[in-house]
A.B. asks: 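Here you go, one structure.
Letters go in sequence order (proteins before strands), and every chain restarts at 1.
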Amino acid sequence: MSTPSTPVRVRMAPSPTGSPHVGLVRTALFNYAFAKHAQLSGQGGTFVLRVEDTDKERSTEESYTSILELFRWLGLDWDEGVEVGGPYGPYRQSERSDLYRDVLERLRASSYTYDCYCRNDEVEARRKASGSKVMGYDGFCRDLTSEQVEAFRAEGREPLVRFRMPEGSISWDDLVRGEVTFETEFVPDFALCRANGDPLYTLTAPVDDATMRITHVLRGEDLLSSTPRQIALFDAMKEIGVAEVTPLYGHLPYVMGEGNKKLSKRDPQAHALAYRDQGFLPEGLLNYVALLGWSIAADRDVFDLEEMVEAFDIKDVNANPARFDLKKAEAINTAHMRRLPVEEIQHRALPFLKAAGVVGDPVRDADAQLLELAMPLVAERVNKLAEVPQMLGFLFVPEEEFTRDQADVEKLLDEEGRRVVQAAHDAVAALGTWSTAAIQEALQTTLVEELGLKPRVAFGPVRVAITGRRVSPPLFESMELLGRERSLARLASAL
RNA sequence: GCCCCGUUCGUCUAGCGGCCCAGGACGCUGGCCUCUCACGCCGGAAGCACGGGUUCGAAUCCCGUACGGGGUACCA
């Protein structure tokens, strides 16, 4: 097969059924990187977003919306497609019915298709009787006589339209797997539209790829076996003048969950937007997902989108399935958190702070100022944005609503702990200046030096008294920000 | 069943015939740093599925086997 010499055009073609999957993110990302890389070398590089909603039963508007939301959050901007328009629209298959009907009509006129009146049980019965090993349709209706057609019609049967698969074999040079060949005897004649006239994916995807001038199709491995059918259909479409070139295909490996099963929609780890809600950074998720089947270099695995685009080559993509490892995803995300300046983390954490009720919406001036001071304390120790409100809550909460973690209280504010807190209270109450340095010195002197406590034993109870948790921002800084009044009050209330 | 795809540490990968008694990362683990946590730093255990070829030489090429996955719809 020849390489299309036309400018590179790729597409992302999700069907809006259910909540978007991380596998979709990976496919979208690789398509995006492929397009943008082509752009860099002046080979075109248009990234199209088309929505495959031909299945009216399963498609939902909610799913459609969340897919767009996902791509926007990730920054995987599409050049052409749904909502943004373009020269080959519309980009929702549900709005392209006339096109499909027209192509189907022309295909039928050239005998590339035939009407099929069979019922599934009949096909199955024939298969059993013949002992054929090939599942699927047997081509029974390929050459029906007009009498047979009459008879079926008389029974009230409505035909669906099947594509007549050619004899021989079909092979293509898969962009990620190399040469793949199917004997067409194992590729049954497939349905192009339902008996009620609704077009099926088998028709719509190739028709759209043809009419949208798609040059490279990068998609999931699950579509591998539908490729010979699409190539055959492309040959027919070229004959009737609907298509010019057959795109090049590349089949990306699966993203699997725990064990050896494909990450299913039931798996909570599968839902892409859940990562946003947990406080993942889009660059973190993207980076991790890129690692599933691709690598930028032997000794490096943290990079941003731009670097990926620069380095991406579909030939480097692995053909074997990858398991999604949450731990590593989090680690990669952490690396991206560390790359961000404090102001940026603050900016991105704001929605989380608001959602948790830590600050109001809009943010009050006093809270904004406090946030400014507190953010540097936590920015370098949180791994996900959602941890920010947990870490900072104690500073913003009104005193009467302040609570402590029960388990931490039991563990650290026992009799011994309360003695430490009492000592801390007394040491700090006398302070002339309320500053981190002064607080630290006072506590260090009385608790560690005078009482002879180990630092961790000394400060643990104080930390729980002040912040309510065993895990918190640095203690002395926290006390300074909390202020003398509130700090003393909390120490006292812990007794 | 049949067709197709895949197989390097637990996981993601580097490797595209000699640079590899296999490198990195996450995880695990010993230690350091340390007011908690997180980060960071130093060290450790851990892998070429198996069997045949080809070759002076194979993780790399070929063929089998085993195992895993997908498809086999009037879903996509």
A.B. asks: Could you check whether A:Arg219 and A:Tyr249, counting side-chain N and O atoms only, form a donor-acceptor pair closer than 3.5 Å?
C.D. replies: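 Not at all, the side chains of A:Tyr249 and A:Arg219 share no donor-acceptor pair under 3.5 Å.
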
A.B. asks: Identify whether NZ of Lys or CZ of Arg in A:Arg229 sits under 6.0 Å from the centre of the six-membered ring of A:Phe190 and within 45° of that ring's axis.
C.D. replies: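 The answer is yes, since A:Arg229 meets both limits relative to A:Phe190.
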
A.B. asks: Look at the side chain of A:Arg177 against the base of B:C5 and say whether a donor-acceptor pair falls under 3.5 Å; ignore hydrogens and angles.
C.D. replies: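 There is none.
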
A.B. asks: Between B:C37, B:G71, B:C35, which one does the side chain of A:Glu477 approach most closely?
C.D. replies: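 Closest nucleotide among those given: B:C35.
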
A.B. asks: What nucleic acid atoms does A:Leu291 come within less than 4.0 Å of, heavy atoms only: base, sugar-phosphate, or nothing?
C.D. replies: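 Touches sugar-phosphate only.
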
A.B. asks: Determine: side-chain N/O of A:Asn318 to OP1/OP2 of B:A14, distance under 4.0 Å, yes or no.
C.D. replies: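 Checking A:Asn318 against B:A14: at least one side-chain N or O falls below 4.0 Å of OP1 or OP2.
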
A.B. asks: For residues A:Pro206 and A:Met237, report the shortest heavy-atom separation together with the two atoms involved.
C.D. replies: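 For A:Pro206 and A:Met237, the tightest heavy-atom pair comes out as O-CE, 3.5 Å.
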
A.B. asks: Just call it for A:Pro321: base, sugar-phosphate, or nothing, with non-hydrogen atoms closer than 4.0 Å on any strand.
C.D. replies: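 If one applies the 4.0 Å heavy-atom cut-off, A:Pro321 turns out to touch the sugar-phosphate alone, with no base involved.
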
A.B. asks: My understanding is that a pair needs two contacts under 3.5 Å, Watson-Crick or G-U wobble. By that rule, which nucleotide pairs with B:C67?
C.D. replies: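 Matched B:C67 with B:G6 under the 3.5 Å cut-off.
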
A.B. asks: May I ask you to say what A:Leu223 touches in the nucleic acid, namely base, sugar-phosphate or nothing, with a heavy-atom cut-off under 4.0 Å?
C.D. replies: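 Here A:Leu223 touches the bases of the nucleic acid.
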
A.B. asks: Over all strands shown, is A:Phe190 touching base, sugar-phosphate only, or nothing at heavy-atom distances under 4.0 angstrom?
C.D. replies: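 Result for A:Phe190 = nothing.
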
A.B. asks: Look through every strand shown and name the nucleotide pairing with B:U36 as Watson-Crick or G-U wobble, where both distances are under 3.5 Å.
C.D. replies: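 The base-pairing partner of B:U36, which may sit in any strand shown, does not exist here.
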
A.B. asks: Answer yes or no: does atom CD of A:Glu57 have more than 12 heavy-atom neighbours from other residues, nucleotides or ligands under 6.0 Å?
C.D. replies: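 Count not over threshold, so no.
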
A.B. asks: For B:G43, what is the paired nucleotide under Watson-Crick or G-U wobble rules, both distances under 3.5 Å?
C.D. replies: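 Base-paired to B:U29.
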
A.B. asks: Measure from the side-chain heavy atoms of A:Asn383 and tell me the nearest of B:G71, B:A38, B:C35.
C.D. replies: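 Among the listed nucleotides, the one closest to the side chain of A:Asn383 is B:A38.
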
A.B. asks: Counting only Watson-Crick pairs (N1-N3 plus N6-O4 or O6-N4) and G-U wobbles (N1-O2, O6-N3), all under 3.5 Å, who is the partner of B:C61?
C.D. replies: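 Across any shown strand, B:C61 pairs with B:G53.
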
A.B. asks: Report which part of the nucleic acid A:Gly136 touches: base, sugar-phosphate, or nothing (heavy-atom distance under 4.0 Å, all strands).
C.D. replies: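 Sugar-phosphate, no base atom in range.
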
A.B. asks: Need one value for A:Thr181: base, sugar-phosphate or nothing, where a base atom within 4.0 Å counts as base even if backbone is also close, heavy atoms only.
C.D. replies: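 Touches sugar-phosphate only.
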
A.B. asks: A:Lys328 side chain: which of B:G71, B:C4, B:C12 is closest?
C.D. replies: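 In terms of side-chain proximity for A:Lys328, the closest of B:G71, B:C4, B:C12 is B:C12.
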
A.B. asks: Identify whether any heavy atom of A:Tyr201 sits under 4.0 Å from a base atom; if not, whether one sits that close to sugar-phosphate; answer base, sugar-phosphate or nothing.
C.D. replies: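 The residue A:Tyr201 makes base contact.
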
A.B. asks: Judged by modelled atom types alone, do A:Gln93 and A:Asp208 share a side-chain donor-acceptor pair under 3.5 Å?
C.D. replies: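 Yes, a side-chain donor-acceptor pair sits under 3.5 Å.
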
A.B. asks: Using only side-chain N and O atoms of A:Asn320, determine if any of them is under 4.0 Å from OP1 or OP2 of B:U8.
C.D. replies: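 Yes, such a contact exists.
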
A.B. asks: Identify the nucleotide, in any strand shown, that forms a Watson-Crick or G-U wobble pair with B:A14, with both distances under 3.5 Å; if there is none, say none.
C.D. replies: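 Here B:A14 is not engaged in any pair, so there is no nucleotide opposite it.
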
A.B. asks: From B:C5, B:C3, B:A76, pick the nucleotide closest to the side chain of A:Leu224?
C.D. replies: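 Comparing B:C5, B:C3, B:A76 against the side chain of A:Leu224, the answer is B:C5.
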
A.B. asks: Closer than 4.0 Å, any side-chain N/O of A:Arg127 to the OP1 or OP2 of B:U72?
C.D. replies: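 Looking at the OP1 and OP2 atoms of B:U72, neither is under 4.0 Å from any side-chain N or O of A:Arg127.
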
A.B. asks: Which part of the nucleic acid does A:Leu292 contact within heavy-atom distance under 4.0 Å: base, sugar-phosphate only, or nothing?
C.D. replies: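 Here A:Leu292 touches the backbone only, sparing every base.
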
A.B. asks: Looking at the base of B:U36, is there any donor atom on it, or on the side chain of A:Arg381, that sits under 3.5 Å from an acceptor on the other one?
C.D. replies: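 Indeed there is one.
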
A.B. asks: May I have the step-by-step check of side-chain contact (heavy atoms from CB on, under 4.5 Å) for A:Val25 and A:Val255, ending in yes or no?
C.D. replies: CA-CA 10 Å; A:Val25 174; A:Val255 175; over 6 Å; no

A.B. asks: Nearest-nucleotide wise, let me know which of A:Thr334 and A:Arg119 is further upstream toward the 5' end of RNA chain B.
C.D. replies: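 On the 5' side of the pair lies A:Thr334.
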
A.B. asks: Would you indicate what A:Arg463 reaches in the nucleic acid, counting non-hydrogen atoms under 4.0 angstrom: base, sugar-phosphate, or nothing?
C.D. replies: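 Touches a base.
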
A.B. asks: Would you say a side-chain N or O of A:Thr467 is under 4.0 Å from OP1 or OP2 of B:U36?
C.D. replies: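 It does not, given that no N or O in the side chain of A:Thr467 lies less than 4.0 Å from OP1 or OP2 of B:U36.
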
A.B. asks: Ignoring hydrogens and angles, does a donor from either the side chain of A:Arg323 or the base of B:C12 sit under 3.5 Å from an acceptor on the other?
C.D. replies: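 It does not, because no donor-acceptor pair links the side chain of A:Arg323 to the base of B:C12 below 3.5 Å.
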
A.B. asks: Does A:Arg470 place a side-chain N or O at less than 4.0 Å from the phosphate oxygens OP1/OP2 of B:U36?
C.D. replies: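 Checking B:U36 against A:Arg470, no side-chain N or O comes under 4.0 Å of OP1 or OP2.
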
A.B. asks: Across the strands shown, which category fits A:Ala195 at heavy-atom distances under 4.0 angstrom: base, sugar-phosphate, nothing?
C.D. replies: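 It contacts base atoms.
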
A.B. asks: Hey, which of these two, A:Asp299 or A:Pro253, hits RNA chain B nearer its 5' end, going by closest nucleotide?
C.D. replies: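 Nearer the 5' end of the strand: A:Pro253.
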
A.B. asks: Measuring from the side chain of A:Ser295 (C-beta onward, heavy atoms only), which nucleotide among B:C35, B:U13, B:U36 has the closest atom?
C.D. replies: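 Of the options given, the side chain of A:Ser295 lies nearest B:U13.
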
A.B. asks: Between B:A76, B:U72, B:C12, spot the one nearest the side chain of A:Met135, thanks.
C.D. replies: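 From the listed options, B:U72 comes nearest.
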
A.B. asks: Under 4.0 Å, counting only non-hydrogen atoms across every strand here, what does A:Arg338 touch: a base, just sugar-phosphate, or nothing?
C.D. replies: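 Sugar-phosphate contact only - A:Arg338 comes under 4.0 Å of backbone atoms but never of a base.
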
A.B. asks: Using atom P in both nucleotides, what's the gap between B:G15 and B:C32 to the nearest angstrom?
C.D. replies: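 B:G15 and B:C32 have their P atoms separated by 38 Å.
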
A.B. asks: Validate the cation-pi geometry between A:Arg490 and A:Phe402: distance from NZ or CZ to the six-membered ring centre under 6.0 Å, angle to the ring axis within 45°.
C.D. replies: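 Here A:Arg490 passes the 6.0 Å and 45° test against A:Phe402.
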
A.B. asks: Where the side chain of A:Asp325 is defined as all heavy atoms beyond and including C-beta, which of B:C37, B:G10, B:C35 is the nearest nucleotide?
C.D. replies: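 Ranking B:C37, B:G10, B:C35 by closest atom to the A:Asp325 side chain puts B:G10 first.
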
